[in-house]
Amino acid sequence: MSKLFTPVDLAAPEGPGLTLRNRTVLAPMCQYSVDNRDGVPHAWHLAHLGARAAGGFGLVFTEAAAVTAQGRISDRDAGIWNDDQSRAWAPIVDFIHSQGAAAGIQLAHAGAKASTHAWLPQPAAAGQVGSLGEEDGGWETAAPSETDVFGLDSPLAMSGEQIAASIRDWAEAARRADEAGFDVVQIHAAHGYLIHQFLSPLANARTDEYGGSFGNRTRYAREVISAVRAAWPAHKPLAIRFSGDDWVDGGWRIQDTARFAAEAFELGVTAFDLSSAGIGKYHGPSGPGFQVPLATAVKQAVPAAFVTAVGMINDPSQAEQVLVTGAADGVSIGRAALKNPNWPAVAAAELGAPREQVPFAAQYWRAHW
Ligand code: FNR
């Protein structure tokens with residue numbers, strides 16, 4: 001009996017919550033594939049996410065979907081800041097559902113890390129990195145503080161009014177995500193993007209009520225969570241992704257994440273995914289399952305939540321071990337699922353899950369026969 005392929009419920013404030021057919025989650029992964037700088041997902045996003053829903057994931061997350069145009073990492077990011085975008089997500093969500101998977105959207109704002117070249121070896125980008133120049137359609141970025149910690153053009157420090165407006169953007173994006181039919185919203189609070197910029201002393205030098213103490217640095221995140229939770233239907237679970245640790249003394253550390261996870265849980269977040277880093281040079285550990293201890297620390301802080309581990313969990317038996325040892329409740333799979341969209345179906349077969357739990361699409365049943 002495989003724990004990885006045992007169904008699980010994600011709690012919501014009202015109703016029974018959401019049942020996932022198994023505990024494998026497709027990690028959010030930017031595709032940098034939008035045309036016309038319009039943030040509208042299209043056939044690529046359907047094929048990419050659809051293949052992984054057919055491949056057996058319990059929950060399929062979209063890439064980071066920007067809550068405003070200004071918050072895009074690059075001009076090829078997908079978005080959810082207008083109705084054209086939510087209408088374009090709807091058939092993608094329908095297809096994910098048709099394959100037996102739940103559909104999640106990661107809501108994101110890149111803050112100081114916006115307006116950069118897309119990470120694709122495309123002719124247009126020609127492998128360029130760093131901030132987009134004005135001549136390439138770059139735009140002004142906004143963040144808690146002016147900073148050069150990212151090696152990018154310095155953002156403008158957000159005013160109180162801009163902070164309030166951006167919180168409304170997150171809530172509006174959640175409302176549109178519901179219209180598109182998504183089952184889960186995940187707030188992107190990781191990887192040095194806007195929310196993480198507020199959380200971490202490495203990027204937040206504010207002296208007002210959004211900077212300084214732990215309570216002040218976490219204020220923006222709390223306000224985003226509350227606004228999204230209010231806009232997102234009470235019967236649908238709310239998730240968050242943290243960078244559990246900056247891996248730098250004086251940065252945002254795992255003790256901070258565990259403490260804040262408990263607050264987020266009180267505000268209605270019931271699913272947590274634990275990544276790390278994203279501000280400055282990488283100082284952390286590496287290797288198989290290197291971020292699992294971060295998930296375990298959060299699991300201990302919020303035992304009632306669904307906590308997933310991510311990062312170099314490539315092997316089915318390794319994933320199963322993470323669950324069997326109680327280190328986390330589920331696994332998010334990134335690059336291994338780029339290599340093999342059927343990662344869950346293959347894993348289930350390898351782990352000897354009962355036939356009805358091996359999530360090969362009906363059309364592919366002979367792969368397992
Ligand atoms: C990512 N990652 C990522 N993370 C996130 O929170 N939002 C995103 O949009 C993206 N985009 C993205 C694109 C690509 C191409 C990759 C490879 C990664 C990080 C990803 O979700 C995951 O945390 C890491 O890849 C580590 O997990 P794996 O790949 O070792 O399983």
Side-chain angles (χ1 to χ4, degrees), residues 4 23-34 39 41 44-45 48-49 51-52 55 57 59-67 71-74 76-80 89 104-111 113-114 116-122 125 127 129 173 177 184-197 199 239-245 247 257 271-279 282 284-295 298 307-316 318-319 322 328 330-341 343-344 347:
L4 193 56
R23 295 153 189 251
T24 65
V25 177
L26 179 70
M29 282 183 283
C30 287
Q31 297 298 295
Y32 301 116
S33 295
V34 154
W44 174 259
H45 305 83
H48 166 68
L49 299 170
R52 283 147 188 89
F57 279 95
L59 173 58
V60 169
F61 272 113
T62 69
E63 67 193 88
V67 301
R72 291 169 300 164
I73 302 167
S74 81
R76 303 201 68 191
D77 290 22
I80 183 82
W89 283 117
I105 184 167
Q106 186 185 50
L107 303 186
H109 191 304
K113 290 174 84 172
T116 64
H117 289 278
W119 283 16
L120 275 184
Q122 294 280 343
V129 292
V184 181
V185 150
Q186 183 188 66
I187 295 171
H188 194 348
H191 299 164
Y193 295 116
L194 182 61
I195 295 179
H196 187 189
Q197 288 159 26
L199 295 175
I240 198 161
R241 182 174 235 205
F242 287 121
S243 274
D245 206 308
W247 307 120
T257 305
F272 294 79
D273 193 46
L274 270 296
S275 186
S276 72
I279 301 182
Y282 186 74
S286 189
F290 69 106
Q291 293 171 148
V292 172
L294 304 176
V298 167
V307 181
T308 47
V310 67
M312 296 181 75
I313 299 171
N314 297 329
D315 182 56
Q318 178 199 3
V322 168
V331 292
S332 297
I333 307 290
R335 289 162 292 179
L338 296 182
K339 288 188 197 140
N340 179 8
W343 191 95

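Bear in mind the structure is a predicted one, so any value in this text is a computation, not a measurement. In listed order, ligands and their atoms are each counted from 1.
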Quiz prompt | Side chain Thr116, main chain Ile73, donor-acceptor under 3.5 Å | solution = yes
Quiz prompt | Nearest option to atom 4 (N) of ligand 1, as decided by whichever heavy atom of Met312, Arg241, Met29 sits closest | solution = Arg241
Quiz item: With atoms numbered from 1 as shown, which atoms in ligand 1 lie under 4.0 angstrom from a non-hydrogen atom of His191?
Solution: 4 (N), 5 (C), 6 (O)
Exercise. Go through ligand 1 atom by atom and flag the ones less than 4.0 Å from a non-hydrogen atom of Val310.
Key: 23 (O), 27 (O)
Exercise. Report yes if Ala27 has an N/O atom closer than 3.5 Å to an N/O atom of ligand 1; otherwise report no.
Key: no
Self-check item: Close-contact set for ligand 1 against Ala64 heavy atoms, below 4.0 Å
Solution: 9 (O)
Self-check item: Main-chain N/O of Pro28 paired with Thr62 side-chain donor or acceptor, under 3.5 Å
Solution: no
Exercise. Look only at interatomic distance and state if Asn314 has a nitrogen or oxygen under 3.5 Å from any nitrogen or oxygen of ligand 1.
Key: no
Quiz item: What residue and heavy atom of the protein are closest to atom 25 (O) of ligand 1, and at what distance?
Solution: Arg335 NE, 3.9 Å
Quiz prompt | Per-atom contact, atom 8 (C) of ligand 1, protein heavy atoms, under 4.0 angstrom | solution = yes
Quiz item: Between Trp343 and Arg52, is there a donor-acceptor pair closer than 3.5 Å when you use the side chain of the first and the backbone of the second?
Solution: no
Quiz item: So is Ser275 polar-close to ligand 1, meaning N/O to N/O under 3.5 Å?
Solution: no
Exercise. Ignoring hydrogens and angles, state whether a donor on the side chain of Asp273 or Thr308 is under 3.5 Å from an acceptor on the partner side chain.
Key: yes
Exercise. Out of Gly311, Ser243, Gly334, indicate the one that has the non-hydrogen atom closest to atom 26 (C) of ligand 1.
Key: Gly311
Self-check item: Gln186 backbone acceptor or donor facing Gln106 side chain under 3.5 Å
Solution: no
Exercise. For the pair Ile313 and Val292, evaluate side-chain contact (heavy atoms from CB on, under 4.5 Å) and give the outcome as yes or no after the intermediate values.
Key: CA-CA 9 Å; Ile313 299 171; Val292 172; 4.2 Å; yes
Exercise. Could I get the full list of side chain to side chain contact (heavy atoms under 4.5 Å, CB included) partners for Val184, not counting sequence neighbours?
Key: Leu10, Leu18, Leu59, Phe61, Pro237, Ala239
Quiz item: Taking Ser243 for the side chain and Ala190 for the main chain, is one N or O donor matched with an acceptor at less than 3.5 Å?
Solution: no
Exercise. Within a distance under 4.0 Å of any heavy atom of Gln106, pick out the atoms of ligand 1 and give their elements.
Key: 5 (C), 6 (O), 7 (N), 8 (C), 9 (O)
Quiz item: Among protein heavy atoms, which sits nearest to atom 3 (C) of ligand 1, and what does the distance come to when rounded to 0.1 Å?
Solution: Pro28 O, 3.0 Å
Self-check item: Ile313 near ligand 1 by a heavy-atom separation under 4.0 Å
Solution: no
Quiz item: Is there a heavy atom in Ala336 that sits closer than 4.0 Å to ligand 1?
Solution: no
Self-check item: Donor-acceptor pair, side chain of Gln31 and main chain of His45, under 3.5 angstrom
Solution: no
Practice problem: Among all protein heavy atoms, pick out the one at the shortest distance from atom 13 (C) of ligand 1; state its residue, atom name and that distance to 0.1 Å. | Solution: Cys30 N, 3.3 Å
Quiz item: Which of parallel (below 30°), tilted (30 to 60°) and perpendicular (above 60°) describes His191 and His188?
Solution: perpendicular
